[in-house]
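Written out below as structure tokens is the structure these notes cover.
These numbers were taken from a predicted model, which means no experiment stands behind them.
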Amino acid sequence: MTELLRRIGEATLSWVRSLGHAAFFFLDLLRHSPAALRRFGLVVTQIHAIGNRSLAIICASGAAVGFVLALQLYYVLSTYGATSSLGLVINLALVRELGPVVAALLFAGRAGTSLTAEIGLMKAGEQLSAMEMMAVDPRSRVLAPRFLGGVVAMPLLAALFCAIGILGAYVVAVWLIGVDEGNFWSAMQSQVDVWHDVGNGMVKAAVFGVICTFVALYQGYEAVATPGGVSYATTRGVVISSLLVLAMDFLLTALMFRTH
């Protein structure tokens with residue numbers, strides 16, 4: 001029993017120590033972000049690079065989700081004679097929930113792994129140490145532009161995911177199933193609020209962008225400088241990002257869309 005308590009205590013202390021270290025790392029990123037904005041070209045380059053890495057999978061997944069949503073919701077709503085609300089339900093499902101969450105999970109699996117591997121290989125190749133020897137802070141020159149690029153790119157990718165998903169649902173619902181086109185768009189335009197629905201979805205996407213980009217950079221920066229350490233950090237970053245996104249999605253949904 002004493003040995004078990006000792007192991008539990010050591011694991012708890014190690015977890016708390018890691019959490020504190022991650023918190024200080026996040027504060028350092030925020031502190032160096034204004035300096036990165038002064039090198040706006042680097043931020044724009046990272047926005048393009050990070051967004052471009054995830055663009056293909058975001059577009060394909062958005063179309064597939066839109067196709068499936070239109071089929072499934074049509075069969076459910078037709079049971080109750082509410083197929084006129086198909087466009088509204090699809091839009092709300094995408095902009096409130098599926099768009100930000102699925103885009104964030106895809107972002108973590110595509111751009112997040114790329115960031116972790118890139119930073120981890122820079123550490124393994126001692127490029128970060130060489131920058132420190134030249135009195136260049138790698139957190140300001142390397143990490144902060146990538147952090148800002150990920151935070152900006154994530155809402156753009158989520159918005160693109162939602163737009164393509166709605167167009168995919170339109171193709172299936174109107175062209176294939178035969179839902180009235182006017183009902184599909186009119187219910188959506190009249191009952192979807194820009195600030196309450198679309199705005200909250202974009203806030204979610206921005207928060208998820210902070211989480212996924214921060215976890216990816218932290219895991220890469222703290223990775224063991226070996227090929228095995230980099231690969232482990234890459235896998236660990238995807239798992240942690242996905243779990244944090246799902247947990248934060250529940251909290252944000254409870255705060256944004258709670259009923260009185």
Side-chain angles (χ1 to χ4, degrees), residues 26 29-30 33 36-37 43-66 68-69 88-116 143-169 188 191-219 237-258:
F26 181 69
L29 278 181
L30 295 180
S33 294
L37 286 175
V43 178
V44 172
T45 301
Q46 292 304 318
I47 293 173
H48 175 265
I50 293 172
N52 193 43
R53 289 170 186 165
S54 307
L55 192 60
I57 192 170
I58 288 290
C59 294
S61 301
V65 169
V68 174
L69 272 180
L88 172 64
V89 177
I90 289 174
N91 191 299
L92 291 179
L94 283 171
V95 300
R96 282 186 175 187
E97 194 66 30
L98 290 178
V101 173
V102 178
L105 295 177
L106 295 173
F107 181 86
R110 180 63 184 92
T113 54
S114 179
L115 287 173
T116 304
L143 300 184
R146 286 165 173 78
F147 177 71
L148 294 175
V151 172
V152 173
M154 182 61 231
L156 299 177
L157 293 172
L160 182 63
F161 183 96
C162 295
I164 294 179
I166 293 172
L167 290 177
M188 188 185 306
Q191 300 187 48
V192 175
D193 186 75
V194 174
W195 299 109
H196 182 67
D197 297 320
V198 180
N200 285 336
M202 292 301 100
V203 170
K204 275 188 177 183
V207 173
F208 297 158
V210 172
I211 291 173
C212 294
T213 310
F214 162 69
V215 171
L217 294 175
Y218 177 74
Q219 293 298 323
V238 175
V239 174
I240 294 175
S241 297
S242 301
L243 294 177
L244 289 178
V245 163
L246 296 175
M248 186 58 66
D249 176 60
F250 173 77
L251 295 176
L252 291 176
T253 302
L255 292 173
M256 292 176 177
F257 304 109
R258 66 184 185 274

Determine yes or no for a side-chain-to-main-chain donor-acceptor pair under 3.5 angstrom, with Ser61 supplying the side chain and Ile58 the backbone. no

Any donor and acceptor pair, going by atom type alone, linking the side chain of Ser33 with main-chain N or O of Ala144 inside 3.5 Å? no

For the student: nearest non-hydrogen atoms of [X] and [Y], plus distance:
X: Asp197; Y: Gln191; answer: OD2-O, 4.1 Å
X: Ile47; Y: Ala153; answer: O-CB, 4.3 Å
X: Phe147; Y: Leu30; answer: CE2-CD2, 4.1 Å
X: Met154; Y: Pro100; answer: CE-O, 4.0 Å
X: Gly112; Y: Ala216; answer: O-CB, 3.4 Å
X: Ala36; Y: Val43; answer: O-CG2, 3.6 Å

Is any side-chain heavy atom of [X] less than 4.5 Å from a side-chain heavy atom of [Y]?
X: Glu97; Y: Thr253; value: yes
X: Val192; Y: Met188; value: yes
X: Val152; Y: Ile50; value: no
X: Asn200; Y: Lys204; value: no
X: Val245; Y: Cys212; value: yes
X: Leu29; Y: Tyr218; value: no
X: Leu243; Y: Val239; value: yes
X: Leu98; Y: Leu69; value: yes

Taking everything shown except His196 itself, do over 12 heavy atoms lie less than 6.0 Å from its NE2? yes

Among Val203, Leu252, Val151, find the one that has a side chain to side chain contact (heavy atoms under 4.5 Å, CB included) with Phe208. Leu252

